[in-house]
Amino acid sequence: MPELPEVETVVRQLRPVVQQNKLVRLRLLDKKLRGVNPAELRHMRVYKVSRAGKQIIFHLRHARKEPERHLAIHLRMTGTLIWQRYAERSGGRKVVPDVSRRNYWRKAADILPQHVRAIFYFEDGCVLFCDPRRFGTFALKADAAGFRPAGLEPLSRAFTRKKLANLLRLSSQEIKPWLLRQDKLCGIGNIYAAEILFAARLHPRRRAGSLGASEVQRLHSATVRILRKAISFCGTTVSDFQDTTGSAGGFSRLLKVYDRENRRCRRCRGAILRIMQQGRSTYYCPVCQT
DNA sequence: ATTATATCCTGATCGC
DNA sequence: TGCGATCAGGATATAA
């Protein structure tokens, strides 16, 4: 599911409900989830929610100047975070469930989506981590810098045309797989790699190092433009991406090539092709992209 | 040093 | 309707 725009969407939606909220308890329901000891985070306040590449970071502490913990959530292919406010009584008084009581879990089972792997219980609601394929991961660190991906953030000021040119110059790899490399640029995945290359009118099999100055320029501006636009549409849903409210992303209908094999190119009316690169599908228009 | 492949999982879809 | 093969938004360890 989640590439940079989807993760950014989740972070923005989580911020107003989770930031400054106290994490009463974290409950892991899948033994596969390691890398975090829930007891360590009990009753800590989430003072900030941020994004690092494709990871969502909860910054936690008990109080100002107390030691900090930083929890990185990586949704991988099918992870979602769903916010659920606790049910309210008719009088409007919030009912905070006693999470130690088994009966809450039994009741909750009917309202919970499938594949819940972890539950973050906050004071007025909980965040459900759902992940059918169970690829998602948690990691806990004392220092937030430990999560900073090696690759450049494509929406940061540091991502300049010149930097991109320098990164590309060294590689003989095909440009599409190159865009997926999180150690070069972080946050781009299979959907946006295809969409960015279409917008830049570059063939996915071009070698990274072979791009001329004007092509690098196109790739740079297409990367920024497509990612920003996707964020403004709350990401893309192909099959199962959901934001924190369970809604689908709005960028799907703006896709020009991804998942459009044999359909007409919106620009030249020719057929969109699908090829395999490193075991993954690449969609492109052979007329528009050279 | 790069660059392909197998692997971790479950579910949806397609051809027969 | 059922069944096996294939594919899926990611990333990493291992092999070439």
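All values below come from the heavy atoms of this structure, side chains included, with hydrogens, waters and symmetry mates left out. Throughout, a chain's letter reflects where its sequence line sits, starting with A, and its residues are numbered from 1. Quantities reported herein were computed from a predicted structural model and do not represent experimental measurements.
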Taking the [atom1] atom in each of [N] and [M], what is the distance between them to the nearest angstrom?
N      : M      : atom1 : result
B/dT5  : C/dT6  : P     : 16 Å
C/dA11 : B/dG11 : P     : 22 Å
B/dT3  : C/dG9  : C1'   : 22 Å

Using atom [atom1] of [X] as one end and atom [atom2] of [N] as the other, report the distance to the nearest whole Å.
X      : N      : atom1 : atom2 : result
A/M276 : C/dA8  : CE    : C1'   : 10 Å
A/R207 : B/dT3  : CZ    : P     : 8 Å
A/I188 : C/dG10 : CD1   : P     : 11 Å
A/Q278 : C/dA15 : CD    : C1'   : 14 Å
A/I275 : C/dC7  : CD1   : C1'   : 17 Å
A/L75  : C/dG10 : CG    : C1'   : 11 Å
A/Y192 : C/dG10 : OH    : C1'   : 15 Å
A/Q277 : C/dA8  : CD    : P     : 13 Å

Between [X] and [N], is there a side-chain N or O to OP1/OP2 distance below 4.0 Å?
X      : N      : value
A/Q173 : B/dT3  : yes
A/H74  : C/dA11 : yes
A/R280 : C/dG10 : yes
A/T236 : C/dG9  : no
A/S281 : C/dC7  : no
A/K54  : C/dA11 : yes
A/Q182 : C/dA11 : yes

>> Could you check whether A/E215 pairs with A/R206 (Lys NZ or Arg NE/NH1/NH2 to Asp/Glu carboxylate O, under 4.0 Å)?
In response: yes

>> Does this structure show an ion pair linking A/R205 with A/E174, if we count only N-O contacts that are shorter than 4.0 Å?
In response: yes

>> Walk me through whether A/Q278 and A/Q173 qualify under side-chain hydrogen bond (donor to acceptor under 3.5 Å, both in side chains).
In response: CA-CA 11 Å; A/Q278 296 189 195; A/Q173 196 170 15; 3.2 Å; yes

> Just checking A/T137: base, sugar-phosphate only, or nothing, at a heavy-atom cut-off of under 4.0 Å?
Replying inline: nothing

> Do A/R117's NZ or CZ and the ring of A/F129 fall within the cation-pi criteria of under 6.0 Å and 45°?
Replying inline: no

>> If you take the centroid of each ring, where Trp contributes its six-membered ring, are A/F138 and A/H74 closer together than 6.0 Å?
In response: no

> Taking the six-membered ring where the residue is Trp, are the ring centres of A/Y258 and A/F198 under 6.0 Å apart?
Replying inline: no

> In the 5'-to-3' direction, what one-character label does each nucleotide of nucleotides 8-14 of chain B receive under the scheme B = base within less than 4.0 Å of a protein heavy atom, S = sugar-phosphate only, - = no such atom?
Replying inline: BBBS---

> So, for A/P2 and A/K54, which heavy atoms are closest and what is the spacing to 0.1 Å?
Replying inline: O-CD, 3.9 Å

> How does DNA chain C read in dot-bracket, base by base from 5' to 3', with Watson-Crick or G-U pairs under 3.5 Å and | used when the partner is on another strand?
Replying inline: .|||||||.|||||||

